[in-house]
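Note sheet for the following structure.
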There are 2 protein chains.
Amino acid sequence: MDSKQKILIKFGERVREIRKEKGLSQEELAHIADLHRTYIGMIERAEKNITLINIEKIANALEVKINNLIN
Amino acid sequence: MDSKQKILIKFGERVREIRKEKGLSQEELAHIADLHRTYIGMIERAEKNITLINIEKIANALEVKINNLIN
DNA sequence: TGAATGCTAACTATAGTCTGTTGTTTAAGA
DNA sequence: TCTTAAACAACAGACTATAGTTAGCATTCA
């Protein structure tokens with residue numbers, strides 16, 4: 001995942017935005033979503049091309065629709 | 001990817017539905033989306049956990065919003 | 001300082017590619 | 001009808017690329 005793709009950047013920004021709105025740390029979000037601390041960081045920095053199942057996990061953890069993270 | 005996840009099943013069904021509406025074969029869709037023939041089949045059968053970049057490729061190829069494929 | 005995040009590197013699990021074969025429609029011709 | 005062929009999709013297996021895990025240390029910032 002070099003040369004970061006626009007859609008991953010948008011997604012990461014949105015996750016970070018909502019996470020902060022909720023007053024969660026990356027570690028707390030990771031715990032709720034059952035993912036690893038550093039992985040959340042990588043997603044927010046658009047360093048990984050996230051899969052649909054993990055998109056859903058994060059949306060659930062943030063209590064938003066997937067729509068809200070992508071469009 | 002055994003024990004297929006609901007969200008992947010929904011996604012696959014939706015891709016197949018729209019693909020057929022457009023009168024495209026899996027091979028034609030694959031070509032437009034720049035993905036492999038058999039991979040489109042696997043996605044429609046919910047056998048693979050698709051990544052965000054490929055979700056976007058398929059949405060573009062089908063000329064729909066990602067929303068349309070997920071929610 | 002301490003809590004949160006960034007970053008690296010090494011690892012393992014699996015996404016995604018590719019070739020080939022089998023099975024299933026569908027349509028045309030006798 | 002009944003075949004036959006051609007187009008399409010399912011499936012298997014072997015492979016390569018990369019998603020996702022984890023630990024440890026560096027950096028940032030309140």
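Here the structure is a predicted model, which means the values were calculated and not measured. In the text below, chain A, chain B and the rest are named by the order of the sequence lines, each starting its count at 1.
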**Request:** May I have the distance from B:Q5 (atom CD) to C:dA15 (atom C1'), rounded to whole angstrom?
**Result:** 15 Å
**Item:** Protein-nucleotide distance (A:Q26, atom CD; C:dA4, atom C1'), rounded to Å
**Value:** 8 Å
**Linked, directly or transitively: B:V15 and B:M42 (ILVMFWY side chains, under 4.5 Å)** = no
**Asked** Looking at side-chain heavy atoms only, is the closest gap between B:F11 and B:N49 below 4.5 Å?
**Response** no
**Fill in**
Axis-to-axis angle across the helix from C:dT1-D:dA30 to C:dA30-D:dT1, five pairs each end, nearest 10 degrees, ~ 60°
**Asked** Listed by chain and number, what are the side-chain contact (heavy atoms from CB on, under 4.5 Å) partners of A:A30, not counting sequence neighbours?
**Response** A:I40
**Item:** Nucleotide-resolved protein contact map, nucleotides 21-27 of chain D, B/S/- at heavy-atom distance under 4.0 Å
**Value:** SBBB---
**B:I66 vs A:I7 side-chain heavy atoms within contact, under 4.5 Å** = yes
**Message:** So, does A:R45 get its side chain near the phosphate of C:dT8, meaning an N or O under 4.0 Å from OP1 or OP2?
**Reply:** no
**Asked** For B:K20 and D:dC8, what is the distance between atoms NZ and C1' respectively, to the nearest whole Å?
**Response** 10 Å
**Prompt:** To the nearest angstrom, how far is A:N49 atom CG from C:dA15 atom P?
**Reply:** 12 Å
**Message:** Do A:R16 and A:Q26 have side chains that approach each other closer than 4.5 Å (heavy atoms only, starting at C-beta)?
**Reply:** yes
**Asked** Applying the side-chain contact (heavy atoms from CB on, under 4.5 Å) test to B:R14, which of B:L69, B:I70, B:V64, B:I9 qualifies?
**Response** B:L69
**Asked** If only side-chain N and O atoms of A:R19 are considered, is one of them under 4.0 Å from the OP1 or OP2 phosphate oxygen of C:dA4?
**Response** no
**Asked** Separation of B:K4 atom NZ from D:dA10 atom P, in whole Å?
**Response** 10 Å
**Prompt:** C:dA4 P sits how many Å from A:E44 CD, rounded?
**Reply:** 14 Å
**Item:** Length of the CD1-P vector between B:I50 and D:dA19, whole Å
**Value:** 13 Å
**Asked** Looking at the side chain of B:T51, which of C:dA15, D:dG20, D:dA10 is the nearest nucleotide?
**Response** C:dA15
**Asked** Atom CD1 of B:I40 to atom C1' of C:dC18: distance rounded to whole Å?
**Response** 14 Å
**Request:** Take B:I58 and B:I50 through the side-chain contact (heavy atoms from CB on, under 4.5 Å) test and state the conclusion after the steps.
**Result:** CA-CA 10 Å; B:I58 291 180; B:I50 191 169; 3.8 Å; yes
**Message:** Quick check: closest heavy atoms across B:A61 and B:L29, and the distance to 0.1 Å?
**Reply:** CB-CD1, 3.6 Å
**Prompt:** Is the closest side-chain heavy-atom distance between B:E63 and B:K22 below 4.5 Å?
**Reply:** yes
